[in-house]
Amino acid sequence: MVQTYIAKTLLQFMKRIKDIEKAWESKNDGDPGLWCRGSRKSTWPLIPKLYRPHSTIEELLSAEDEIREEFVRRAPGLTSYKPANAWEWYFLMQHYGAPTRLLDWTENPQIGLYFAVKDSDGLHDAVVWVLDPWWLNEIV
């Protein structure tokens with residue numbers, strides 16, 4: 001279920017976050033542990049960068065393989081870190097802005113807000129998506 005809250009100031013934003021935390025308490029310790037993701041435009045769907053082009057699944061998987069192979073080849077020029085498995089490669093790719101199947105989330109709502117407004121031209125409503133991962137794991 002998607003609920004929409006509007007905030008025009010940082011104070012209003014933090015109040016909305018507190019209201020959401022209180023309403024969504026789902027863990028036994030009472031701390032909801034919410035995840036937040038900011039986007040410059042509220043009309044943008046929650047879709048990972050890799051899946052944003054309109055392509056068939058076969059084309060996307062092929063593109064993903066090519067992107068990953070190219071990134072692995074070029075990674076030593078970016079970092080001395082050597083990922084131990086495929087997921088660590090995905091996390092490193094995401095960190096460097098490569099198209100992946102991942103979406104960045106944070107537990108800090110103000111960081112989500114930062115990414116929502118940092119490159120905004122002010123012509124569109126920004127959005128901070130809020131997710132309760134504990135609840136999501138329970139229903140899946």
Trainee: Please list, chain by chain and in numerical order, all residues satisfying side-chain hydrogen bond (donor to acceptor under 3.5 Å, both in side chains) with Asn108, sequence neighbours excluded.
Mentor: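 Asn108: no side-chain hydrogen bond (donor to acceptor under 3.5 Å, both in side chains) contacts found.
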Trainee: Would you kindly confirm whether Trp44 and Val127 end up in one hydrophobic cluster when ILVMFWY residues are joined by side chain heavy atoms under 4.5 Å apart?
Mentor: no
Trainee: Show the numbers, then the answer: is there a side-chain contact (heavy atoms from CB on, under 4.5 Å) between Trp35 and Trp129?
Mentor: CA-CA 8 Å; Trp35 289 358; Trp129 295 94; over 6 Å; no
Trainee: Ignoring hydrogens and geometry, is there a side-chain-to-backbone donor-acceptor pair from Lys49 to Gly97 under 3.5 Å?
Mentor: yes
Trainee: Would a 4.5 Å heavy-atom cut-off, applied to side chains only, mark Pro48 and Leu102 as touching?
Mentor: no
Trainee: Using the side chain to side chain donor-acceptor pair (under 3.5 Å) rule, collect all pairs that involve residues 67-77, keeping only residues at least two apart or in two chains.
Mentor: Asp65-Arg68, Arg68-Tyr90, Glu70-Arg73, Glu70-Arg74
Trainee: Restricting to non-hydrogen atoms, name the atom on Arg52 and the atom on Ile47 that form the minimum distance, rounded to 0.1 Å.
Mentor: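 Scanning both residues, the minimum pair turns out to be NE-O, 2.9 Å.
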Trainee: Side-chain contact test, heavy atoms from C-beta onward, threshold under 4.5 Å: evaluate it for Thr106 versus Arg37 and give yes or no.
Mentor: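 SC-SC contact between Thr106 and Arg37 ruled out.
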Trainee: Shared ILVMFWY cluster between Ile67 and Tyr96, side chains joined below 4.5 angstrom?
Mentor: yes
Trainee: In terms of hydrophobic clustering (I, L, V, M, F, W, Y; side-chain heavy atoms under 4.5 Å; direct or indirect links), are Val130 and Leu10 co-clustered?
Mentor: yes
Trainee: Return all side-chain donor-acceptor pairs below 3.5 angstrom for residues 109-121, not counting sequence neighbours, or 'none' if the list is empty.
Mentor:
residue, atom, partner, partner atom, Å
Ser120, OG, Gly122, N, 3.0
Asp121, OD1, Leu123, N, 2.9

Trainee: Could I get the full list of ring pair (Phe, Tyr, Trp, His ring centres under 6.0 Å) partners for Tyr51, not counting sequence neighbours?
Mentor: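 Result, ring pair (Phe, Tyr, Trp, His ring centres under 6.0 Å) vs Tyr51: none returned.
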Trainee: Might you confirm whether atom CG of Leu11 has over 12 heavy atoms from other residues, nucleotides or ligands at distances under 6.0 Å?
Mentor: no
Trainee: First locate atom CD of Gln94, then atom CG of Leu50, and finally report the distance between them rounded to the nearest 0.5 Å.
Mentor: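 Those atoms lie 10.0 Å apart.
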Trainee: Taking only residues two or more places apart in sequence or in another chain, which ones pass side-chain hydrogen bond (donor to acceptor under 3.5 Å, both in side chains) with Tyr81?
Mentor: Glu88
Trainee: Would a distance-only check, ignoring hydrogens and angles, find a side-chain to backbone donor-acceptor pair under 3.5 Å from Arg16 to Tyr5?
Mentor: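 Absent.
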Trainee: Please work out which of the three classes, parallel, tilted or perpendicular, describes the rings of Trp89 and Phe71, given edges at 30° and 60°.
Mentor: perpendicular
Trainee: Taking Ile20 as the starting point, is it possible to reach Met14 by hopping between hydrophobic residues whose side chains are less than 4.5 Å apart?
Mentor: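 Hydrophobic grouping puts Met14 with Ile20.
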Trainee: When you group the ILVMFWY residues by side-chain heavy-atom contacts below 4.5 Å and let the links chain together, are Met93 and Leu60 in the same group?
Mentor: yes
Trainee: For Glu59, check side-chain hydrogen bond (donor to acceptor under 3.5 Å, both in side chains) against everything at least two apart and list the hits.
Mentor: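 Partners of Glu59 by the side-chain hydrogen bond (donor to acceptor under 3.5 Å, both in side chains) criterion, ordered by chain and then number, come out as Thr56.
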Trainee: Please round to the nearest 0.5 Å and tell me the distance separating atom CD1 of Ile57 and atom CD of Glu64.
Mentor: 8.5 Å
Trainee: I would like to know whether Leu34 and Glu21 meet side-chain contact (heavy atoms from CB on, under 4.5 Å); could you show each step before the answer?
Mentor: CA-CA 7 Å; Leu34 302 178; Glu21 287 174 343; 3.5 Å; yes
Trainee: Just by modelled atom types, is the Ser42 backbone N or O under 3.5 Å from a matching donor or acceptor in the Ser39 side chain?
Mentor: no
Trainee: Heavy-atom count around Ile6 CD1 within 6.0 Å, excluding the residue itself: above 12?
Mentor: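 For Ile6, atom CD1 is not crowded (no more than 12 foreign heavy atoms under 6.0 Å).
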